[in-house]
Protein chains: 2
Amino acid sequence: MNFSDDQTLFLHGDAYLRNVGVDNVIFGYHDKELKVLLQRPFVLEKWTVTGGYIRKTETIDEAAAHIAFSRTGLKNLFLQQFRAFGTPTRAVDKGFTPERIKEATGFELPANHWIFDYFVALGFYTLTEFSKVTPTKGAYDADCAWWPVSELPSLLFDHRQIILAALEALRLHMAHFPIGYELLEEKFTLPEIHSLYETILGRSLDDRNFAKKLIATGIVIKTKETRRIGAHRSPFLYRFDTVKYQQGLKTGVELVF
Amino acid sequence: MNFSDDQTLFLHGDAYLRNVGVDNVIFGYHDKELKVLLQRPFVLEKWTVTGGYIRKTETIDEAAAHIAFSRTGLKNLFLQQFRAFGTPTRAVDKGFTPERIKEATGFELPANHWIFDYFVALGFYTLTEFSKVTPTKGAYDADCAWWPVSELPSLLFDHRQIILAALEALRLHMAHFPIGYELLEEKFTLPEIHSLYETILGRSLDDRNFAKKLIATGIVIKTKETRRIGAHRSPFLYRFDTVKYQQGLKTGVELVF
DNA sequence: TGAATAGTGTCTTTAAGACAGTATATC
DNA sequence: GATATACTGTCTTAAAGACACTATTCA
């Protein structure tokens, strides 16, 4: 958790839960690249996962959605809780001190202010198409940007582990549930969804077996349209069968590769 | 979370994290029965999952282990985090009021005391052999007892959903990792471990295919001893290969039935 | 020798995985 | 017709699942 929220946290501290917050790993996919949205708060001067506090009036899922919205401007994103992180050293190692907050924001906080306590982070991840997103800094952030998961910058405390745990959870998740609705255009080609799976899984998948299994699930429907891709054969466009896709989100769809 | 902890919470409130606690679903197995350890706090007068607060000096896993120890007297139990629960209505529906606490404990707390806030519950589950356990009431509990998962009593707020979610997570977990070390004696028969799997999964498994797959994993070793079971053929005793078992906990062992 | 439980082998079906040749779009 | 990409079918191998008989213990 960081000062990522646009709320005037210092003035309305009572509006938030103490000792617990949300860290939301926002994954963005576009054109064979998987990225993570990171922010760099003034106070901490290191990159962090997007995070924030939980209002007393909202559920933890609403808090995660709220954080995702404040950084991406998008609503109704795919959100998934994966695990909680909590060790007493998180309080020390995250780098908050009254002095640094004073420097960065001008606020004077007592050393025993709850913001310096050990915080339990509820880890969520979010999926989006990153070309749709203009990363938006919070009031206390020096920067907010997409980073390739394969070349992460130096990260605060345990945030690298949080990202890696989120990626592992996502890879496990996509073996049992459909993904792609948030990551592809409404209509997409087989090579496009094939690349999506390869990129997130980080390995190549046999194209014939991939197409065979995907089509067997029935969650994609072939249209009669094609996409022009230059001096090559035009691939057919597919779309998701929304009924089967929603059902797959509930009951599961095996797509183990 | 409830008043389950033996600590004098009211006197040492500053020692604990606010707005976040642990709910630990303690599963007990014995002789083809799967049970859950529940407690009934004086204040709430309904059955609840075992739960407690997190000390500022301990990790969330340590807090869960600590809760399990205080109710079962056992250490080094298998502990698994599965998800967090957090909605503002948890505060209201869990049934804490200053009046009821006064009645039950004699302590007078202001209505705005943090204990009445919305709490995020970190859900864990624990596995143990219930014949080894003497359920131990906390200082604020009227009762603490094993309940069959198939006949749960009336439970506080969302605690039934928490138990069902824990069971679902356990069933998913056992398809990918070995279980049984905490639930069986050091040496056990094939029919015993077979019943264990059937009981937790809640359905019957073909005995021939079960034995075939289990032995193929190499995590069990057949001994030359047998168990006398009366007027029937004596089954052979098996034990876990501790090296392979530990390795299976890390890398996974497919035992999908 | 009858009753109850332990223990194991085979066959069928299905899924996974490896693999290569044809089709189409454009220049 | 050269090139780049789309698209699909078959064969092999492995795993899953259905199924039934023999072995042992003891009353």
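Chain identifiers are assigned alphabetically (A, B, ...) following the order of the sequence lines, protein sequences preceding nucleic acid strands; residue numbering begins at 1 within each chain.
Judged as a side-chain contact (heavy atoms from CB on, under 4.5 Å), and not counting sequence neighbours, the contacts of A:S131 are A:H30, A:E129. Listed by chain and residue number, B:K35 satisfy the salt bridge (Lys or Arg N to Asp or Glu O under 4.0 Å) test with B:E33 (two or more places apart in sequence, or in another chain). A:A175 meets the side-chain contact (heavy atoms from CB on, under 4.5 Å) test with A:V256; sequence neighbours excluded. With sequence neighbours excluded, the residues that form a side-chain contact (heavy atoms from CB on, under 4.5 Å) with A:F69 are A:K75. With sequence neighbours excluded, the residues forming a ring-ring contact (aromatic ring centres under 6.0 Å, His included) with B:Y181 are B:Y245, listed by chain and number. The side-chain contact (heavy atoms from CB on, under 4.5 Å) test applied to A:E225 returns A:K187, A:T223, A:L237, not counting sequence neighbours.
Terminal axes of the helix from C:dT1-D:dA27 to C:dC27-D:dG1 (five pairs each, C1' rotation axis) are separated by 10°, to the nearest 10°.
Sorted by first and then second residue, the side-chain hydrogen bond (donor to acceptor under 3.5 Å, both in side chains) pairs involving residues 199-217 of chain A (not counting sequence neighbours) are A:D206-A:R208, A:N209-A:K212. The salt bridge (charged side-chain N to carboxylate O under 4.0 Å, His left out) pairs that include a residue from residues 239-257 of chain B number zero, where partners must be two or more places apart or lie in different chains. Note on residues 144-158 of chain A: pairs passing side-chain hydrogen bond (donor to acceptor under 3.5 Å, both in side chains), not counting sequence neighbours, are A:R90-A:D158.
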| Please walk me through it: do B:K32 and B:E198 pass salt bridge (charged side-chain N to carboxylate O under 4.0 Å, His left out)? | CA-CA 8 Å; B:K32 304 189 185 182; B:E198 287 190 329; over 6 Å; no
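In terms of phosphate contacts, B:K213 brings a side-chain nitrogen or oxygen within less than 4.0 Å of OP1 or OP2 of D:dA16.
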| note | Once base and sugar-phosphate atoms are separated, protein heavy atoms under 4.0 Å mark nucleotides 1-10 of chain D, 5' to 3', with B, S and - as ---BBBSBBB
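Taking 4.0 Å as the cutoff to heavy atoms of chain B, we find the contact window on DNA chain C bounded by C:dA3 to C:dT10.
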